[in-house]
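Notes to accompany the following structure.
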Amino acid sequence: MLSENYTFSPVTEADFPTLTCWLQTPEVRRWWGDPDHELSLIKEDLNDPRMANLIVVFDDRPFAYAQHYEIHSWPHEHLSHLPRGTRAIDTFIGEPDMIGVGHGSGYLHALANQLLKDGACGVVIDPDPQNVRARRAYEKAGFIRKEELQTSEGPAVVMHFVP
């Protein structure tokens, strides 16, 4: 996938019905949990300047959600050893027909490169070790596995973007 075909639009209240549908899909629910709870967290973060909430668009079709934040602005102990200015990404693909065809690696590569261009000193992502599909996509996007850790939310594989 050509990373030039991906755009990122800030989430607005108009996106909540779409996010609600996406959060209810089996694949997203499996890894993100209760849709109502997750949507409430996204709504809380919408006006928080520490968090960027994005709708990912491919050729004019919204299909995924991504959020990123400076790791020291959120209480994630397992990332606290990383340098200030490092950005963490959380993401999911909400349109089932867009999963498994290269879009995850495509937009994550584009987003991580943009974050570095905008001044981040590093970019990390921390999937569940059991989420093999996501980890493969992250590797294809340029993330490498650094360590597996236990977090307050369960185990995570910390992966660093290498452009």
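Side-chain atoms are counted along with the backbone in the values below, which use heavy atoms only and exclude waters and symmetry mates.
- Other residues, nucleotides and ligands contribute over 12 non-hydrogen atoms within 6.0 Å of the CG atom of Asp34.
- Between the NZ atom of Lys146 and the CE atom of Met159 there is a distance of 11.0 Å, given to the nearest 0.5 Å.
- With sequence neighbours left out, Phe92 forms a ring pair (Phe, Tyr, Trp, His ring centres under 6.0 Å) with Trp32, Tyr65.
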### Task
Test Glu38 against Arg29 for side-chain contact (heavy atoms from CB on, under 4.5 Å), laying out the working first.
CA-CA 9 Å; Glu38 293 302 323; Arg29 189 177 188 131; over 6 Å; no

### Task
Carefully, step by step, assess Asp45 and Trp74 under the rule side-chain contact (heavy atoms from CB on, under 4.5 Å).
CA-CA 11 Å; Asp45 293 339; Trp74 297 95; 3.5 Å; yes

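- Around CD of Glu77, the count of heavy atoms belonging to other residues, nucleotides or ligands within 6.0 Å does not exceed 12.
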#### Entry: Working for side-chain contact (heavy atoms from CB on, under 4.5 Å), residues Val123 and His160
CA-CA 6 Å; Val123 180; His160 295 244; over 6 Å; no

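- Scored by the side chain to side chain contact (heavy atoms under 4.5 Å, CB included) test, Asp97 finds Arg61, Glu95 as partners (sequence neighbours excluded).
- There is a side-chain donor-acceptor pair under 3.5 Å between Tyr6 and His103.
- Between the side chains of Glu147 and His81, at least one donor N or O lies within less than 3.5 Å of an accepting N or O.
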### Query
Could you walk me through whether Phe8 and Ile55 pass the side-chain contact (heavy atoms from CB on, under 4.5 Å) check?
CA-CA 6 Å; Phe8 304 92; Ile55 296 294; over 6 Å; no

With a 3.5 Å cut-off and sequence neighbours excluded, list the donor-acceptor pairs that the side chains of residues 134-143 form with protein atoms.
unit_1 : atom_1 : unit_2 : atom_2 : d
Arg135 : NH1    : Pro129 : O      : 2.5

